[in-house]
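First the structure, in the form of structure tokens, and then the observations on it.
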2 protein chains.
Amino acid sequence: MKKPHSLDEAGLQRALAALRRVVREKGLRASSARERVALAALRYGGHFTVEDLVRRSKDERLEETHASTVYRTLPLLLEAGLLEEIRVHRDEGTFYERAFEREHHDHLVCVGCGAVVEFHSEEIEEVQREVAVSFGFVLTGHSHELRGTCTACRERGRESRA
Amino acid sequence: MKKPHSLDEAGLQRALAALRRVVREKGLRASSARERVALAALRYGGHFTVEDLVRRSKDERLEETHASTVYRTLPLLLEAGLLEEIRVHRDEGTFYERAFEREHHDHLVCVGCGAVVEFHSEEIEEVQREVAVSFGFVLTGHSHELRGTCTACRERGRESRA
DNA sequence: TTGATGATGAATGTCATTTTCAATAAGGAG
DNA sequence: CTCCTTATTGAAAATGACATTCATCATCAA
């Protein structure tokens, strides 16, 4: 249940530096729109969608950033390790969450109520590495999502059946 | 590299029976279009898309089945355990593969060339169950995909850098 | 056999994401 | 600092996966 405390100012700066590094490596140019998107994204505590990002840039009266720009920026944020794409929340589309300076974790989702629990298993991480090595692969990432029903949803089901 | 040998005639019949059971349970009616889609899907050895399925029903001169019907049928095939949805193959959309009478496995994908390796780890499955229990969940499914670079792609990269 | 209702094909709609294009801005060369 | 090349952006249109609509058609229980 541990809440991911947000980055402090210094953390934000390190994140921007990581973004700039990727931008430079790719021969792209610096731009304020990209950093605006990055900052808006990094400030989120939980899971958010592209639409959330676009909306937030308006709500906070920051300069507006268009959806197409957000979409164009996202791959860079992923590559810079600021965000990670996740697939929880049933059919509600693609979500993102901060990954920068945050310990890795996977998700356990309740198919009944949509509750999301984060978990981490060093044992699973280790086996993943072993599997990759056994096939001659070097891992660059993974996605791992468990689906199930939580206690509350199972009890709800029992009632309605009674 | 073990190829998933396709179902024999008896297997196909058992699969259709499983589909019919789900259809009946939901108070739906039998239909030949649904079984045509099911058979076309079960005959695939590897991964395929909805579009593949639609196309194949034409190629093989089976009666045509429209895309909308295929889309309507897919959830039933998933629920009946005939197919499983997978998310490999970079951004190429949603893929499916046969799950009926086939051992469970996860995927290891090369981000360079798109090669897909199937793997299974009973140890990971066990930890998954433990994690679920520790949060009061009962598992209904999971998706697990590892991404990395294969030996060939790493060597290719080394050459081009030399 | 037949009536009630589910299923299908075909067309159309929806919604997220991508692409296009003209205008703008970054940043290296001079 | 100014110019020139080229990336970036906003705005709009295009794409593409999937859902929905609706007029037939098919299924099946009575």
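Just so you know, these numbers use all the heavy atoms, side chains as well, and skip hydrogens, waters and symmetry mates. Convention: sequence-line order gives letters A, B, ...; per-chain numbering from 1.
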Report summary line: B:Arg87 atom CZ is separated from D:dA17 atom C1', nearest whole Å, by 15 Å

Query raised in the report: Hey, what's the ring geometry for A:His144 with B:His144, parallel, tilted or perpendicular (30° and 60° as the breaks)?
Result: parallel

Report task. Determine the contact category for B:Ser32: base if any of its heavy atoms lies under 4.0 Å from a base atom, sugar-phosphate if only primed atoms, P, OP1 or OP2 are that close, otherwise nothing. Result -> nothing

Under 3.5 Å donor-acceptor pairs involving side-chain atoms of residues 130-141 of chain B, not counting sequence neighbours:
| unit_1 | atom_1 | unit_2 | atom_2 | d |
| --- | --- | --- | --- | --- |
| B:Ser134 | OG | B:Val131 | O | 2.7 |
| B:Thr140 | OG1 | A:Arg147 | O | 3.4 |

Requested in this report: Provide, to the nearest angstrom, the distance between the CZ atom belonging to A:Arg36 and the P atom belonging to D:dT8.
Outcome: 14 Å

Report task. State plainly whether the residues A:Arg14 and A:Glu101 are in salt-bridge range, i.e. N to O under 4.0 Å. Result -> yes

Requested in this report: Assign the ring pair B:Phe48 / B:Tyr44 to parallel, tilted or perpendicular, where the plane angle (0 to 90°) is split at 30° and 60°.
Outcome: parallel

Report task. Establish, from distance only, whether the side-chain atoms of B:His120 and B:Glu118 form a donor-acceptor pair under 3.5 Å. Result -> no

Requested in this report: Would you please indicate if the ring centroids of A:His104 and A:His142 are separated by under 6.0 Å?
Outcome: yes

Report summary line: Separation of C:dG9 atom P from B:Glu64 atom CD, nearest Å, is 9 Å

All N/O contacts under 3.5 Å from nucleotides 18-20 of chain C to the protein, with atom names and distances to one decimal?
| unit_1 | atom_1 | unit_2 | atom_2 | d |
| --- | --- | --- | --- | --- |
| C:dT20 | O4 | A:Arg72 | NH1 | 3.3 |

**Report entry** DNA chain C contacts made by residues 21-30 of chain B, counting heavy atoms under 4.0 Å
**Finding:** B:Leu28, B:Arg29

Query raised in the report: For the side chain of A:Arg154 and the backbone of A:Thr149, is there at least one donor-acceptor N/O pair under 3.5 Å apart?
Result: yes

Query - Interatomic distance, B:Glu51 CD vs D:dT15 P [rounded to whole Å] - result: 15 Å

Query - B:Ser31 side-chain proximity, nearest of D:dC18, C:dG9, C:dA7 - result: C:dA7

Query raised in the report: Any luck finding a side-chain donor-acceptor pair between A:His105 and A:Glu97 under 3.5 Å?
Result: yes

Query raised in the report: Between atom CZ in B:Phe48 and atom P in D:dA17, what is the gap in whole Å?
Result: 16 Å

Query raised in the report: Taking CZ from B:Arg20 and P from D:dC28, how many angstroms apart are they, rounded to a whole number?
Result: 11 Å

Query raised in the report: Over how many whole Å does the gap from B:Arg55 atom CZ to D:dA17 atom P extend?
Result: 11 Å

Query raised in the report: What's the CG-C1' distance between A:Leu74 and C:dA16, to the nearest Å?
Result: 13 Å

**Report entry** Validation row, ring centre B:His47 to ring centre B:His107 under 6.0 Å
**Finding:** yes

Query raised in the report: B:Thr69 side chain N/O closer than 4.0 Å to the phosphate oxygens (OP1, OP2) of C:dT8?
Result: no

